[in-house]
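To start, the structure itself, in structure tokens.
Just so we're on the same page: letters track the sequence lines, and every chain starts at 1.
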Amino acid sequence: MSTPVPALANAPERYYNYAYLDEQTKRMIRRSILKALAIPGYQVPFGSREMPVPYGWGTGGIQLTAAIIGPDDVYKCIDQGADDTTNAVSIRRFFANVADVATTEDTGEATIIQTRHRIPEKPLKQGQVLVYQVPQPEPLRGLEARETETRAMHAYEEYGLQYVSLYENISAYGRIAATAGYPVMVEERYLMSPSPIPKFDNPKMAQNEAVMLFGAGREKRIYAVPPFTRVRSLDFEDYPFETQTWEETCALCGAEDSYLDEVILDDAGDKMFVCSDSHHCAERRAAGHVGPMAGHALDQDAALKEPAE
Amino acid sequence: MNAIPGRIAPAPLLSVEGLTKWYGHVLGCRDVAFDLRPGEVLGIVGESGSGKTTLLNCISGKLTPTAGEVRFDTRRFGLTDIYGLSEPDRRRMQREEWGFVHQNPRDGLRMRVSGGANVAEPLMNLGARHYGQMRQSTIDWLDRVELDTRRIDDKPRNFSGGMQQRIQVARNLIHGPRLVFMDEPTGGLDVSVQARLLDLLRELVRDLGLAVIIVTHDMAVARLMADRLMVMKGGEVVETGLTDQVLDDPQHPYTQLLVSSVLQI
Amino acid sequence: MAYVSVKGGEKAITHAHQWLAEDRRGDPGVHELEVAQVREQLSLAVDRVMSEGSCYDRDLAALAVKQARGDLPEAIFLLRAYRTTLPRFGASLPVETEAMAVRRRVSAAFKDIPGGQVLGPTFDYTHRLLDFALAAEGGAPPEPAPQAEEPQAYPMPNIASVFRHEDLLEHDVRTDEAPEPYDLTRQPMKFPADRDQRLQALARGDEGFLLSLAYSSQRGWGSTHPLCGEIRMGEVAVEYVPDELGFAIEIGEVTLTECTMLSGFAGSAERPPQYTRGYGLTFGHCERKAMSMAIVDRALRHREVGEQADAPVQDEEFVLYHSDNVEASGFVQHLKLPHYVDFQADLQLIRRLRKEHFERRAALKEAAE
């Protein structure tokens, strides 16, 4: 299913080094990645470069990918779980141009998957790398604005403040109200932001076979979860962590256990729910699964197919 | 202080020796030494600028002294100079075994977090992970400091100054510390509120058998709370002794001045 | 209303970019703007882009201004993204601003100072009346300004020289063994920051942000009671020592604006009362930025002089983390990217909380009846 994109001989990207970054910078980033893998969950400061996309639009993820990608890789890029969201398309095109890699929408086939806000539904395998785009690497930032303070809190493993915020949630709402970017403990040592993935995806991080790398370009931090690492979502003994569930199923493929997006159909309150993971949904439909609204106009949009151009 | 005949004085909980703090050329405090035994309440009295707050900060690990030692009988390491501990060990020991009641509740409370969560936080810092149990323990403590337990989820700003101080007291006692520092704990309050809070503090300290170091410029507070007094002037200790002795029969002219300048209660 | 897909394919992006190019060009009946015109006639825009883009190249900066349709933070971003890909050959020697070929030099501290006041090309003392003569294009270029009657002092002594014999102004400490300056383009922020790191961040910082911070300081939010010791603008030589040669050669000339602000200091046990300084330096002619930078630099030095720090301008984490407009603009605008996965998670929670709220209300009402 991979789609090699022909290198554009005169595209401006071609005036730059392979995979855009110079080799010195890639080495610096790879050293930071190794350090991050050696200390799971610890935020490694790194000399983040200015990239040709804006901060907050995936500069950290792009630098990680650029530092590890080679011509034999198969690259997949998703945003909100979908391959065809604008920024995912833009980033995928960037790497097709500057790194001569094959790109794919197939989760199983990709060697590097760059993601914003989701972990694919299909379990990842050994040998795959999941690169997360991270807007704010510091899980405590919402509670303590100062970097000098939060670094000390990590160093001394003083995470009481995080629990105070969960405690307040329960007092106010009867439950832990965090829904996305739900904080986790890695190997019972470092508190870590899983990036703004829905907490639905948190359990997928634990004991995952793939290498998980997190890049925050603007904040200049890299962190990592190596394969087969303990990752625990914070909770209380009497208010255990739980994930989202839906009463609905995917309107197109009928999936009952995937993360659903709510799609507004008109002004009259009509809506449908569809898988946020576009490839997962398409693969299920190709395998003959049918949802209650199969055949809807949206169905064609997301079918397994080559990219438009 | 002489040991009481027929009883073996218990080992000190805290032992301070040669404690000196210079700020450049300005003296903070000089050559302070004393022992504090479990369950004992020591009052440090003097005017503002006498060095008592500097001393308190040095003893409580907030301000590194220029010279001298502050040895505390830690659960983990026994009697140890707290400034010889690594930073993580010192912070952990402070979390586990100490409390600190500030004069201004704003310095001792998280103002954006509910009163209940403020009280429960030390438990979470020490690893408690059962919401229901922490909640119950918080309610018990709010009750103990005579606060309306129905207001558990109100933010501190919605409480009066005296009530904020009670929240702070609960927050500093809930985790069962062995030593509590108090810096003018009733200093910012109205006289009537002050008296009620002092009564409460005295009861709690006695019931719990707490060791306390309390800094105050108020001789009435000192008489009510402290077993023993240390009088400071210009950064040095000018007189020490049992509270009644010092207040009723002051030896140093400065102490005489201090005592005569307040109404007896 | 039909459902409008938030997902956009490659085609949509390509078309959007075509539309952007069309809008950039504007009415094709109007002459296309030449990069050289931007460079020569919008020179202060070019100066700002070079300065905050940390890259001294008038042509590239002019191209960036043209490509960005005059949006300067966007142009700065373009230049930064280009700069970061350039190989590094080495670092130049520190430039000598005393040896500046001065075009403008004023001091507010003295009526006259060695070297004199040189007004130069400035908006100061112009009346801000729209000049409709400029609207009628195609006229002859303006007459050259008259030459001074006497040659200017060279080197032009700086404000420190005035104080030198009295020791009234703190000294710059110069050493040959000074460590390599901190480089924020290669290393992340660290705190507490030293002055080299702070000055670099301020030099790259957004003019508007620094202006407002400096203004807040003047209005009492962390005031340093600044006095404009000196502003100078002109050309300085850039020298570089190639390894092969072992001695300095001149590799070019850059226009700089430099500002020294003076602030009184009451003295401490160790130090006598004297004036301290805040320093600002920019590429090109960016006077507003250089002055703002000097005020903010001085405000951030509160630790050295034992000032109480409680205003935003004195908070180095606040100032340094938020002064970069490429970072700020990217992150604020990333909110345009789809967030519907996290929003869905949030919606679910709100719906559940609302349901529980109404159930509670209903139960209460029932109990009451």
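- Chosen from E87(B), E121(B), R91(B), the residue pairing most often with chain A at heavy-atom distances under 4.5 Å is R91(B).
- Judged purely by atom type and a 3.5 angstrom limit, D238(A) uses its side chain to pair as donor or acceptor with the backbone of G132(B).
- Residue R106(B) places its CZ atom among 12 or fewer non-hydrogen atoms of other residues, nucleotides or ligands, all under 6.0 Å distant.
- At a cut-off of 3.5 Å, with distance as the only test, a side-chain donor of R129(B) or Y163(A) sits close to an acceptor on the other residue.
- Surrounding CZ of R146(A) are at most 12 heavy atoms belonging to other residues, nucleotides or ligands under 6.0 Å away.
- By the neighbour-count criterion of 12 heavy atoms within 6.0 Å, atom OH of Y83(B) is densely surrounded, having more than that number from other residues, nucleotides or ligands.
- Listed here is the closest heavy atom pair of A117(B) and V164(A): CB-CG1, 4.1 Å.
- For chain B, the nearby part of Y239(A) is the side chain; its heavy atoms alone come within less than 4.5 Å.
- Heavy-atom neighbours of Q24(A) CD from other residues, nucleotides or ligands within 6.0 Å: at or below the threshold of 12.
- Using modelled atom types and a 3.5 Å distance limit, the side chains of Y131(B) and S171(A) yield a donor-acceptor pair.
- Residues L161(A) and M124(B) are not in side-chain contact: their nearest non-hydrogen atoms beyond the backbone lie 4.5 Å or more apart.
- The structure places CZ of R112(B) at 8.0 Å from CG of L143(A), a figure rounded to the nearest 0.5 Å.
- With hydrogens and angles ignored, the 3.5 Å screen pairs a side-chain donor or acceptor of E168(A) with a backbone N or O of S114(B).
- In this structure, R150(B) places its CZ atom where only 12 or fewer heavy-atom neighbours from other residues, nucleotides or ligands lie under 6.0 Å away.
- For the pair E157(A) and R92(B), the salt-bridge criterion is not met [side-chain N within less than 4.0 Å of a carboxylate O].
- More than 12 non-hydrogen atoms from other residues, nucleotides or ligands lie less than 6.0 angstrom from CD of E209(A).
- Interface remark: I176(A) contributes no atoms to any contact with chain B (heavy atom separation under 4.5 Å).
- Residues Y167(A) and T138(B) meet the side-chain proximity criterion, which asks for heavy atoms closer than 4.5 Å.
- Looking only at heavy-atom pairs under 4.5 Å with chain B, the residue among F236(A), Y159(A), Y156(A) that has the most is Y156(A).
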